[in-house]
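Read the structure below first, then the notes.
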There are 2 protein chains.
Amino acid sequence: MSASTLSEVARLAGVSPATASRVLNGSARTPGPEIAERVRQAAASLSYVPNAQAQGLVKSKSGLIGLIVHDIADPYFSAIARGVQAAAREQGKMLLLATTNGTPAEECVAVAAFAARRADSIVIAGSRSIRPEDKNSNAELSAELDRYCRNGGRVGVMGHPVVGASAHECYHVVNVPNEELAAELVGKLAKIHSGTFLILGGPEGLLTSDDRIRGYQRGLKAAGLPPAEIVRTGFDRAGGYDAGLSLAKRILGGARHRHGVPQGAEARPCILAVNDVMAIGAVAALRSEGLRIPRDTLIAGFDDIETLRDFRPALSTVHLPLEDFGRLAALGGTSGGSADNEAEAGTTPAGRVMLRRSTETRALSQT
Amino acid sequence: MSASTLSEVARLAGVSPATASRVLNGSARTPGPEIAERVRQAAASLSYVPNAQAQGLVKSKSGLIGLIVHDIADPYFSAIARGVQAAAREQGKMLLLATTNGTPAEECVAVAAFAARRADSIVIAGSRSIRPEDKNSNAELSAELDRYCRNGGRVGVMGHPVVGASAHECYHVVNVPNEELAAELVGKLAKIHSGTFLILGGPEGLLTSDDRIRGYQRGLKAAGLPPAEIVRTGFDRAGGYDAGLSLAKRILGGARHRHGVPQGAEARPCILAVNDVMAIGAVAALRSEGLRIPRDTLIAGFDDIETLRDFRPALSTVHLPLEDFGRLAALGGTSGGSADNEAEAGTTPAGRVMLRRSTETRALSQT
DNA sequence: CTGTTAGCGCTTTCAC
DNA sequence: GTGAAAGCGCTAACAG
């Protein structure tokens, strides 16, 4: 017992499939006022559900928008996904989701799959990577994307253009001012913190991580401070934890000549993590080694992940309107509201530095 | 410049479209060894991408699996989504995502949309609701789902059967032992806590919430304790926060005759939240009112959300293998691995009670 | 093993 | 305003 078709509905209503189509799904030609009712009744009685695949086939578009993320369970990506989903709903489209673990190779197959499904547009949320080992995959990815674009697809990218892409006109990259905001964060921190800074970064070649690191260093320079040491680790909580463990040893070691714990502002470093989850991981590790935040170490993250908002000490970070980014990437140039949105990049919602407890320098006591 | 078609490839290779189809996409008949190469080359040179819509149309299946969640940015759902995504990948399918804010009405349109797209199966992750105002929507939802099933669709549901569904054979509900685990949690808590218990619940009629509440009460009874008072609020962080605010007043008020803060085990209630995010919200509110956990109030959650793992004090909760649940719901009876998985419900991965710092009764000091 | 012939379910000129 | 016919891109019988 398969789903009923348009022709069946038409037959039941005693009209041609063409007419049935016209009333059930919009058309330029408005069908007869009372014949329409007959069709609608027939459709209802047969509980007719139009076959989107067939519709898509003839119109050669699918009403699908594809989203590519590293990991949907990562709060950073799920926030973006929410925005993309909202945009999709506004346009009456559905969301196709692909996860890639951040590897360009898997991104490539995702794009191919989306292209095969004739997705109307695709959004790439994950950070681009230019690590040498990803070179080939990146080339394939950009080739796949360019082809998709040439065939009429639109692609929205967050943060960075796709490496090696050439069909620029159909890419819409939403600008994420990582470097500027990172610099700004450090600028504010430098005013209240007199000790050293230390950067907790992701693997080299991860563009988002690199941008933020560059911003941190730039901010330091602007404040008249020397560049900070960079500790490289995984771009996730686990990476932050691992790094936190070694850092704890260093901090404790460097202060061993005192009471086993460093004291005074001079001995207390400020860790600049390139994202919130790494910062949280580091905090967990530092604590497990007996250190306290912000007493023994200051720390700041990046992203302002919502689920982490009740974390204590409250994490200093850079708030990013992730959901809006997602919406923007999905909407692309499609925005038909206000007439003049020439300065596309200009309209992107900015982030905001949030200084909170984890970088408070006055309170030397408490957790 | 549109995408190239199979016929174009065939023509370029000098073969019939049928043959081209046979080599490019699997078929029973193995095509000629060297003619195959010609086709493959032609396909490559035209950068041919098969049209999944056309394929789906003729095979009347789409390779799509639909997932319905309340909110993809909620860590509970994003964990499930990861599991469903993994299952989809294993089966070579793609994931269609719909969000509904938990309203049966929107679930209904999502199901219709999935049906229209001829999704091979659909997974409903959100809690079912039997609130009176949802009655009509529920009826429509189950009608829509039953129709989808009758047309050959499979549906996986988490936790509870869809209210009013009748085509039972094509539903696969993955059993979430909410009540049992809730009772178990309380059982363990009752052994170490001698004060009162208080339940922080969601709106009445939300099945997941109701189950957990019932479990809590059952556990209390089993421990020889009276039923706990139930505070109803929203099933999310905001709900927890609001309730926490009023609870704080009560707790402080009840102890005002002492030092402004309750002291001793007797005065300290244990809050049983029906999920982690509510518990976290409540903790935030209690803290903002100057109360400390677990010194002044014990609290436990439910779900064991990963992103909350570094929260301090560590939250006592019930660990649920959310990702596995998602996988199971998506795989349904499709599992072809081991021969005898008769006791389907029996194989579902169980949850586990996790007693942590937030319900520690010995430490009366510290945050 | 390959090519020919029908459609899958729907939309859309084009006549009526 | 309505119907007839052609075809979207692909696969699945059939023949050859």
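Labels below follow one simple rule: chain letters A, B, ... track the order of the sequence lines, proteins then strands, and each chain is numbered from 1.
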[X] side chain near [N] phosphate (N/O to OP1/OP2, under 4.0 Å):
X     : N      : result
B:T19 : C:dG3  : yes
A:N25 : C:dC10 : no
A:Q53 : C:dC8  : no
B:S16 : C:dG3  : yes
A:Q55 : C:dC10 : no

Quiz item: Would a distance-only check, ignoring hydrogens and angles, find a side-chain to backbone donor-acceptor pair under 3.5 Å from A:R89 to B:T99?
Solution: yes
Atom [atom1] of [X] and atom [atom2] of [N]: how far apart are they, to the nearest Å?
X     : N     : atom1 : atom2 : result
B:E8  : D:dG9 : CD    : P     : 8 Å
B:N51 : D:dC8 : CG    : C1'   : 8 Å
B:L57 : C:dC8 : CG    : C1'   : 4 Å
B:R11 : C:dG3 : CZ    : P     : 14 Å
A:I35 : D:dG1 : CD1   : P     : 13 Å
B:R38 : C:dC1 : CZ    : P     : 16 Å

Quiz item: Ignoring hydrogens and angles, does a donor from either the side chain of B:R118 or the base of C:dG9 sit under 3.5 Å from an acceptor on the other?
Solution: no
Using a strict cut-off of less than 4.0 Å between a Lys/Arg side-chain nitrogen and an Asp/Glu carboxylate oxygen, indicate whether [X] and [Y] qualify as a salt bridge.
X      : Y      : value
B:E107 : B:R128 : yes
B:D71  : A:R82  : yes
B:D134 : B:R131 : yes

Practice problem: Classify the nucleic acid contact of B:S60 as base, sugar-phosphate or nothing, counting any heavy atom under 4.0 Å across all strands shown. | Solution: nothing
